[in-house]
Amino acid sequence: MLTAAMPISAHGRMANQRETSMTNQVFFNKTQLYAVGGASTVSLTITIGDGQVGGSNVIWQGKTVMEGAVDGLQVGGAEGGLTGQLLLCTTTVRDINAATSHTSVTYALAGGSTDQSFTYSIDVAVPGGTAIYAVTFVFI
Amino acid sequence: MSSISNRPGRTGRSRWIIACVAAAALACSAHAQESSGGDVPSYNTIRTPASPAFVLLGLEPSSVERPNTPADLALSVLNATGALTSLPQNFALEAAPFWLVSHPEITWRNDAGYRDPLTSIARTATISVATAQIGTTALPVTGLSAGLRASIFSGELSDSTRARLRAAEANLGAQSGIFNSFLATKRAPADSALQAAIRAANGDRQKIDAAVAAHEAAISSLGAAVLADPAYQAAIAKEQEKLGDLKVDREGFFLDLALGSSWRYPNNQLDSGSALRWGVWLTPSWNSESFSAIAVIRYTGDGIHAVNDEMDLGGRLLYSASSFAISGEYVNRSYPGASGVSSKYRLASVLDYEMKKGIWVSATFGRDYGAPTGGASLLARLGLSLNVATSRTVE
């Protein structure tokens, strides 16, 4: 089922995204480019906003490299450098803030051409519901 | 805190309930004859009301609009007022202005400690607005009320809540891992196609953007398929069961303020409006996991007859365990606008007992205020409540 809400990024732009609502879960996905320049490693920090709680699973080169809270995770060591590689981040956010149904997740990448933060937002369908963010970073 | 083994067993519990029901049946009958009314002094009545506007109109609306964005708020108001052309009819709205927009910068960790007063007010303020028909068919009168509630101090997250949230991060990480494991094989072709397309694009931004859009569309539909997969749902249900309710408790010092006013509009005419009632509630309290001490300062004014003004000063002590709560309350009520009327007091004790998960029986016994010019009355009631709250509140 497609929901009508259109989440926006913290920077006020409409993000190119799709949402699916299923039972008490909503789903958001995004494929995002990140310029790594000549860097051999980048670091990733994932911040759960709106006073909610969440945990992530990060996959690098087919393997889970972090699960739970992610703060300053170093990613790299790929043969042939980072360019062209995918970093798969899935974050599940549980609504615990009784004042709002907003959820938001900020993915901060550092060490590439520039340090960048990418913030995405979506509302849970029901109080206490969960939101799943599937964000694929493409290193260029 | 009492252990489970110290509580009444099934047989003892049944006897206790039967005794309470019998006692309450007798007491309620006495109350109906002797009392002039008054609310059961439950835990929440001494606190500041969550929605002062509803209290001032004496409403318990079955349907309350709770807009989540500025656009929702505007739509609610426009719908209720016929695009700002009339007074809304039987309308109830509650909103937390600060939370109408998303706040990605606020994490549970950086909101866990004590908040300074300005931060606390911003994060806990709610506004409430209500209208109701309070007249008769012959003389329709619309009642309108508006209220504001905020916590000037709002405590900090309890240690047990912090521990639960840290555990929740690991659990939700595991849930993300389950989602990824179901998605992994399905997404591999889309990921490979994206990588190949970007290599082939050779820096051509248009081609890269097209490949990204195609990848997003593919993951979107694959993700939806995972969510609909019964095997995935079963695996997630297990993790969610481990996570439980995730109740967030703040403890420590609280100072809650609520104020509101109501007006009456005979014949629904805006220019015929007059003040009806107004009220101010101030409740300092100290809350821990099992103990609460609450003081109350409450003034309710009558916009028509000042002799009906009431001022309450009092407090309540409450001890709670996992399946019961016991409390005592004393409130002194004076009538500042009525000369020669002495103050009265209410002294009551309340026992709440959870018969079954989410089903509470509440027994109240004590002495109620009675009418301003009459004697005190017996207060004895038994109530049953289902704790199935799904509405949003601000703490």
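Lettering follows sequence order; numbering is per chain, from 1.
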A side-chain contact here means heavy atoms from C-beta on lying under 4.5 Å apart; do [X] and [Y] qualify?
| X | Y | value |
| --- | --- | --- |
| A:F27 | B:V226 | no |
| B:N180 | A:T64 | no |
| A:N57 | B:Q175 | no |
| B:Q240 | A:N24 | yes |
| A:Q25 | B:F179 | no |
| A:D50 | B:I106 | no |

B:E216 side chain to A:K30 backbone, donor-acceptor under 3.5 Å:
no
Got a donor-acceptor contact below 3.5 angstrom from the B:S176 side chain to the A:G55 backbone?
yes
At a heavy-atom distance under 4.5 Å, which candidate from [options] has the highest pair count against chain A?
| options | value |
| --- | --- |
| B:I178, B:N110, B:T107 | B:T107 |
| B:I236, B:I219, B:L243, B:L194 | B:I219 |
| B:I208, B:V101, B:D111 | B:V101 |
| B:A95, B:A112, B:A174, B:G173 | B:G173 |

Spacing of [X] atom [atom1] and [Y] atom [atom2] [to the nearest 0.5 Å]:
| X | Y | atom1 | atom2 | answer |
| --- | --- | --- | --- | --- |
| B:L222 | A:N29 | CG | CG | 9.5 Å |
| A:Y120 | B:S102 | OH | OG | 14.0 Å |
| A:T90 | B:L183 | OG1 | CG | 7.0 Å |
| A:Q85 | B:I198 | CD | CD1 | 11.0 Å |
| A:I59 | B:R187 | CD1 | CZ | 7.5 Å |

Residue B:D209 versus chain A: region with a heavy atom under 4.5 Å
side chain
Under 4.5 Å from any heavy atom of chain A - which part of B:L100
backbone
Checking [X] against chain B: side chain, backbone, both or neither under 4.5 Å from a heavy atom?
| X | value |
| --- | --- |
| A:T83 | neither |
| A:V138 | side chain |
| A:I96 | both |
| A:I48 | backbone |

Heavy-atom pairs under 4.5 Å with chain B - which of A:I132, A:T47, A:I140 has more of them than the others?
A:I132
Nearest heavy-atom neighbours spanning [X] and [Y]:
| X | Y | answer |
| --- | --- | --- |
| A:T106 | B:P104 | OG1-CB, 4.1 Å |
| A:V53 | B:L165 | CG2-O, 3.7 Å |
| A:H102 | B:N68 | NE2-O, 3.0 Å |
| B:E169 | A:A69 | OE1-CB, 3.9 Å |
| A:L33 | B:R205 | CD1-NH2, 3.2 Å |

If you count heavy atoms of other groups shown closer than 6.0 angstrom to CG of B:D116, is the number above 12?
yes
